[in-house]
Every structure is written in structure tokens, then in C-alpha cells.
There are 2 protein chains.
Amino acid sequence: MTTTPAASPTNDWLRLDQQICFSLNAASRAFGGVYRVILKDLGLTYPQYLVMLVLWEHGELPVKKLGEHLRLDSGTLSPLLKRLETAGLVRRERSVRDERSVEVRLTDEGVALRERAVEVPRRILGATGFDLDEIRALRERLDQLTGALDSATLDEA
Amino acid sequence: MTTTPAASPTNDWLRLDQQICFSLNAASRAFGGVYRVILKDLGLTYPQYLVMLVLWEHGELPVKKLGEHLRLDSGTLSPLLKRLETAGLVRRERSVRDERSVEVRLTDEGVALRERAVEVPRRILGATGFDLDEIRALRERLDQLTGALDSATLDEA
DNA sequence: CACAATTCAATTGCCCACAACTAAATGGCC
DNA sequence: GGCCATTTAGTTGTGGGCAATTGAATTGTG
């Protein structure tokens, strides 16, 4: 029973190794592996590290804003922030100005963790084998791709 | 540990918008959104679609081989394959030659689904706004990156 | 002021990813 | 043949991502 494995050129469209998204996905998960090793010392997962980056950069901000920076919704952020709070890195407090909103801010411990995180990007860069210019070029390409895909998603909806 | 560019530029290293991995992650999730819309008609999620691609290309094969093609382990594949089996697209059967192994093969329905899947890559390509050469170049770049990251992960371990 | 629409966080439910472990089968080796 | 390391799927537990829903607070409008 041989269900004719792709023989004709037209079938190449469905070949796994031609799918850009697979390469993207694989790269994303490969990064996950590297970050897992490097962030273990800090007690952070990669998405938690991203949240900390935003907080280190912007100081306190509501969950909504955090989500906009990271393209994540409350369904992802709420449990993640609880774990960061349990770890003692952030506090969550209802805004007094708008009680629908929850302000997320760093604890002293969360602020202090930044000192140990500054070396992470350099170690990641080393793991990629790329130089800064190559990284920047790739990043711009990917951001362009993300923009196009987001527009396309809206069009379909 | 040489002193990198002095005090203030050091801050830039931790800026979210400079992290290649964030761009990668965002692009990967943006793809997820597009695939979710396009694959809804086929009743597949994106990882399930990847599994079907491999099966369409190679015919039946054991879970182990499937995992090697997709860089996924049994912890991910086992429940996923159960869902595909429930959906009537694949069958799982213990190999008679090696009873540790489980052969995954397409049902007639699974084979038939291929006809409706052939248009998916073209629609995805359209959503990216890239042409084939650009896609190929980006894919090669990403595969190169994945290779470097995988090596780095092994080094750390 | 009253009421409808909107905004926001949280929850639920489903699926994916991965580490760690279990259990069974295989194959090599004495 | 009997023992043991290896191979292979499967299970469990933790965490992330997202759609859909809930419920409370706010804002807009008549």
C-alpha cells in the first residue's frame, strides 16, 4: 500500500521543508531551549522574562498595557502574573483611579533581579552565532512579516 | 567578562524591541493566527496540519520517525495523534515487527483531506506579502539559526 | 439621573510543548 | 537460556497561548 509519496513537482507545495512557518516554529522552539538553560538560574521561564523586560523598561503598568507590549491577552497574563507574584517578583494592585484595572509593579526583589539579567542577551547572542547587524536585519524582516500576517488575519475576519 | 559599551547603552541590551527572540515569537504567533483561520475549514490545528503534511509526504511511519521530522516528542505527539484518530484521519497500530513501535497511517478520509489542503500554502504565502525567493531566503536564515541554537543548547548541557 | 454600550481582568476550556517518569519490548552479551 | 542496557510509547505535571464567557466598573447618551 503505497500512497504515492510526492513525485510530481506540483506536490512540492505541501512539502514540510518548504513551509516557512515550520522553520519559524522550529527556530522559536530552539530559542526556547536555549533560554530555558540560561534563565534557569534566574528562576524565570521565557515568557516571564519578557514580562520582566517590559517592567524593567517601563516601571509599573496595568495588565492591559503589558499585554499590548507583548501581544498577549489576559488569559495568558493573569496566571503568569500570579506565578511571578508567588515568586515575589511583582505585586498586583487594583488601580484606585480605575478599579477595573490592575497595576503590576516590581518588588525590590524584582528590581534587583535586573542586575543578574543584564548578561542574558549577550549569552543569547553568542548562542545564535550571528552578529548584531545580522540579528537586526533578521529582526526587521520578521517584524515586517508579522505586520503583514496581522493585516491578513484582520482581512479574513 | 569585558566591559561592554559603557553605562547607559547597557540598558539597551534589555530592551524588548531589540530581542530577536521576541520578534521570532511574535511572528510565530502571528502565523498561528493566520493558520487558525485558514485551517478551520479542514478541522485541523497548525501542529495537526504539520503531522498530516509529513504523513502525506511519507505515507505511514512510526511515532518516533514522525517526531524526528517535526522535532516533537511523544509527550506532544501521543495526545495529538489520539485527537487525529478520533477525528477519523489516522489509525494507530502496534507494529507486528517491533511491538514497542506504533505505526501511524492515514485513513481514506485522511488521504482525501489532502485535496482540500493543497491550497493552504498558497493562501499562506499571500498572507505573508513575501515572494517565493524572499521566503526561501528567510527560511534558510532561520534554519541556520536553529542549527546554531541547537548546538549551543548541547554545549550548555 | 437612568440605562445601554464599552472596557478590563479573571476564569474556563481546549490545545500544544517539554521534562520526568513508567512500562513494555527488543537486542546484545555472557 | 538468562540478564541487562537500550529503545519506544505513553502518562503526568507544569506552563504557555488563545477563544469565549463572566462580572464588575466606567463611560456615553438621552
Side-chain angles (χ1 to χ4, degrees), chain A residues 21-22 24-37 39-40 43-51 61-68 70-87 90 92-104 150 153 157, chain B residues 21-22 24-37 39-40 43-51 61-68 70-87 90 92-104 150 153 157:
Chain A
C21 188
F22 178 72
L24 203 57
N25 216 308
S28 184
R29 283 185 287 129
F31 255 123
V34 175
Y35 271 108
R36 193 171 304 118
V37 172
L39 292 177
K40 184 185 289 184
L44 294 175
T45 66
Y46 175 65
Q48 291 167 5
Y49 168 71
L50 290 183
V51 168
L61 70 181
V63 175
K64 184 73 191 310
K65 292 290 180 189
L66 207 46
E68 287 171 3
L70 297 168
R71 295 168 176 271
L72 294 173
D73 70 1
S74 64
T76 300
L77 286 176
S78 288
L80 188 156
L81 291 171
K82 277 188 189 172
R83 285 186 281 272
L84 286 182
E85 188 170 43
T86 301
V90 306
R92 293 177 303 145
E93 296 167 2
R94 286 275 159 196
S95 166
V96 277
R97 293 193 19 191
D98 183 343
E99 292 204 357
R100 295 169 303 180
S101 181
V102 170
E103 297 283 333
V104 182
D150 283 347
T153 306
Chain B
C21 188
F22 178 72
L24 203 58
N25 217 309
S28 184
R29 283 184 287 126
F31 255 122
V34 176
Y35 271 108
R36 193 171 304 118
V37 172
L39 292 177
K40 184 185 284 185
L44 294 175
T45 65
Y46 174 65
Q48 291 167 4
Y49 168 72
L50 289 183
V51 168
L61 72 181
V63 175
K64 183 71 190 309
K65 292 291 181 189
L66 208 45
E68 287 171 4
L70 297 168
R71 295 170 177 269
L72 293 173
D73 70 2
S74 64
T76 300
L77 286 175
S78 288
L80 188 157
L81 291 170
K82 277 188 190 172
R83 285 186 283 271
L84 286 182
E85 188 170 43
T86 301
V90 308
R92 293 177 304 146
E93 296 168 1
R94 284 279 160 192
S95 166
V96 277
R97 293 193 18 190
D98 183 342
E99 292 202 357
R100 295 168 304 179
S101 181
V102 169
E103 297 284 333
V104 182
D150 283 346
T153 308

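Per chain, numbering begins at 1; letters A, B, ... match sequence-line order.
- Two residues, B/R100 and A/P79, neighbour DNA chain D, and the one matched to the more 5' nucleotide by heavy-atom proximity is B/R100.
- Closest to the side chain of B/S74, out of D/dT7, D/dT11, C/dA9, is D/dT11.
- Side-chain contact between A/E68 and A/L61: absent, with no pair of heavy atoms (C-beta onward) separated by less than 4.5 Å.
- Closest-nucleotide positions on DNA chain C for A/A30 and B/V96 were compared, and the one nearer the 5' end corresponds to A/A30.
- In this structure, CG of A/L77 is placed 9 Å from P of C/dA9, rounded to the nearest angstrom.
- Rounded to an integer number of Å, the gap from B/R36 CZ to D/dA19 P is 5 Å.
- Across all their heavy atoms, B/Q48 and B/G43 have their closest contact at OE1-O, 4.0 Å.
- Among D/dT8, C/dA9, D/dG15, the nucleotide with an atom closest to any side-chain atom of A/T45 is D/dG15.
- If you take NZ of A/K65 and P of C/dC8, they are 8 Å apart, rounded to a whole angstrom.
- A/D73 has its CG atom 12 Å from the C1' atom of C/dC8, to the nearest Å.
- At D/dA9, one or more side-chain N or O atoms of B/S101 fall inside 4.0 Å of OP1 or OP2 (strictly under the cut-off).
- For A/R94, whose side chain is taken as the heavy atoms from C-beta onward, the closest listed nucleotide among D/dG10, C/dA9, D/dG15 is C/dA9.
- In the set D/dG10, C/dA24, C/dA9, C/dA9 carries the atom at the smallest distance from any side-chain atom of A/P62.
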(message) Using the rule given for salt bridge (Lys or Arg N to Asp or Glu O under 4.0 Å), can you reason through B/K64 versus B/D98, listing the C-alpha separation, both sets of side-chain angles and the distance that settles it, and then say yes or no?
(response) CA-CA 12 Å; B/K64 183 71 190 309; B/D98 183 342; over 6 Å; no

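- The side chain of A/V63 sits closest to C/dA9 out of D/dT11, C/dA9, C/dA17.
- Smallest separation of non-hydrogen atoms from A/V104 and A/L81: CG2-CD1, 3.9 Å.
- Between the CG atom of B/D98 and the P atom of C/dT26 there is a distance of 6 Å, rounded to whole Å.
- The 5' end of DNA chain D is approached more closely, in terms of each residue's nearest nucleotide, by B/V102 than by the other of B/V102 and A/Y46.
- A/N25 places its CG atom 10 Å from the C1' atom of C/dA17, with the value rounded to the nearest Å.
- The listed nucleotides are C/dC16, D/dT7, D/dG16; the one nearest the side chain of A/T76 is D/dG16.
- Taking every side-chain heavy atom of B/K82 into account, D/dT11 is the closest of D/dT7, D/dG17, D/dT11.
- Rounded to an integer number of Å, the gap from CG of A/L84 to P of D/dG15 is 11 Å.
- To the nearest 0.5 Å, atoms CG (A/L72) and CG (A/L80) are separated by 8.0 Å.
- Distance CZ (A/R71) to C1' (D/dG16): 17 Å, rounded to an integer number of Å.
- Within the helix from C/dC1-D/dG30 to C/dC30-D/dG1, the inter-axis angle between the opening and closing five-pair segments is 0°, rounded to 10°.
- B/P79 approaches B/S74 most closely through the heavy-atom pair CD-O, 4.0 Å.
- Taking the side chain as every heavy atom from C-beta outward, A/L44 and A/Y35 never approach each other to under 4.5 Å.
- Using modelled atom types, no side-chain atom of B/R71 and backbone atom of A/R29 make a donor-acceptor pair closer than 3.5 Å.
- The listed nucleotides are C/dC15, D/dT8, D/dG16; the one nearest the side chain of A/L80 is D/dG16.
- Closest approach to the B/R92 side chain among D/dG10, D/dA25, C/dC8 is made by D/dG10 (side chain taken as heavy atoms from C-beta onward).
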